[in-house]
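What follows is a short report on a single structure.
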Number of protein chains: 2
Amino acid sequence: MNPSEILFHHQVKKTTPRVAIIQALQQRCTPLSEGDLKDLLGDLYDRTTFYRSMQTLTDAGIIHRIVADNVLVKYVLNDCEHGHHHQPDHVHFYCQQCKDLICMEELKVQAYQLPDGFKEQTCDVIIRGLCSNCNK
Amino acid sequence: MNPSEILFHHQVKKTTPRVAIIQALQQRCTPLSEGDLKDLLGDLYDRTTFYRSMQTLTDAGIIHRIVADNVLVKYVLNDCEHGHHHQPDHVHFYCQQCKDLICMEELKVQAYQLPDGFKEQTCDVIIRGLCSNCNK
DNA sequence: CATACATTTGCAACAATGTATCAGTTGAGC
DNA sequence: GCTCAACTGATACATTGTTGCAAATGTATG
């Protein structure tokens, strides 16, 4: 699906910044930060607009937000091909040296049984350490 | 163990801010943020000193840092009674409404087998949602 | 106890990641 | 093409840090 279709499918208005952001995330196929996206897209939009767009896209279930560390937040496209809201079910690895965030697709997150009354909205598993490149 | 003993035991110099921070964490027995600690301790030290102290105490294995969200970081004392460095092995629940961070001691984190070459330093599992108080 | 020297602290400035307000612009439906 | 709600840009501000440097403090030694 192209950006316009994704937005229409999730009943979100089509605007220039939103299309550009989705397009960039599709092309890179890896979690990107605000800085990464700015490097790719330049001054296409204001920072305020960026954050509001990300909020809108997250609420709509189009993207997912990963807090790699308190000073590094990255965004990834959800799997929109199958038409349902797809929450990541795998572990994320964050290299403290090269600051890369890697999806460990093969490491699935177990389902946790919360006590009565608690409602889960998202569940993130972040392993921090050194990636194979930096651990030499 | 009292704060001075903990610092000596980990070969970290005893200073006023460090003792005060450990004391506050011991008394509260729950994860505290910079703001929480400032409310407790007032202007006992500068913000820069706080962050440097937390870095030192984390490196020494005396405390552990929990990234509840990119805008909320909390700190907890490790279990120093048994003389070894104790990494939390349980899930943390973060209530998006009341901003409370709860240790789910009964939910243990599984060990993940990383690919060759990767080195794990910390592993955090954060479930975000609504706590039993706010989910009504 | 006094001195020496490395460690730690306080202050000021700066950086990244957001949020709030409000006027002005744009998009979608008719 | 019009209309009006929704979105955007600009400015200001909040939180969570980090960096550099001079001054203060802690620990080891005489």
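To find a chain, count down the sequence lines: A is the first, B the second, and so on, and within it residues start at 1.
- Put simply, B/Asn70 has no side-chain N or O that comes within less than 4.0 Å of OP1 or OP2 on C/dA16.
- Using a 4.0 Å heavy-atom criterion, one finds that A/Thr48 contacts the bases of the nucleic acid, with or without backbone contacts as well.
- As a whole-Å value, the separation of A/Lys14 NZ from D/dT8 P is 14 Å.
- In this entry the distance linking OH of B/Tyr51 with C1' of D/dG20 reads 19 Å, nearest Å.
- Below the 3.5 angstrom threshold, one finds a donor paired with an acceptor across the side chain of B/Arg52 and the base of C/dG10.
- Among the atoms of the strands shown, none is found under 4.0 Å from any heavy atom of A/Ser33.
- For B/Arg18 and C/dT8, the shortest distance from a side-chain N or O to OP1 or OP2 is below 4.0 Å.
- Rounded to whole angstrom, the span from the NZ atom of A/Lys13 across to the C1' atom of D/dA6 amounts to 4 Å.
- Taking the six-membered ring where the residue is Trp, the centroids of A/Phe93 and B/Tyr112 are separated by 6.0 Å or more.
- Exactly one of A/Leu101, A/Ile66, A/Ile63 qualifies for a side chain to side chain contact (heavy atoms under 4.5 Å, CB included) with A/Val76. That residue is A/Ile66.
- Proximity of B/Thr49 to the phosphate of C/dC11: no side-chain N or O atom is located under 4.0 Å from OP1 or OP2.
- Heavy atoms of B/Asp46 sit under 4.0 angstrom from at least one base atom.
- The base of C/dG18 lies close enough to the side chain of A/Arg47 for a donor and an acceptor atom to sit less than 3.5 Å apart.
- For B/Thr15 and B/Phe50, each mapped to the nucleotide of DNA chain D holding its nearest heavy atom, the one lying further toward the 5' end belongs to B/Phe50.
- For B/Tyr51 and B/Tyr45, the ring centers sit 6.0 Å or farther from each other.
- In this structure, B/Val12 and B/Gln55 both approach DNA chain D, and ranking their closest nucleotides by distance from the 5' end singles out B/Gln55.
- Residue B/Tyr75 places at least one side-chain N or O under 4.0 Å from the OP1 or OP2 atom of D/dG17.
- A straight line from CG of A/Leu72 to P of C/dA15 spans 18 Å, rounded to a whole angstrom.
- B/Leu32 has its CG atom 13 Å from the P atom of D/dT16, to the nearest Å.
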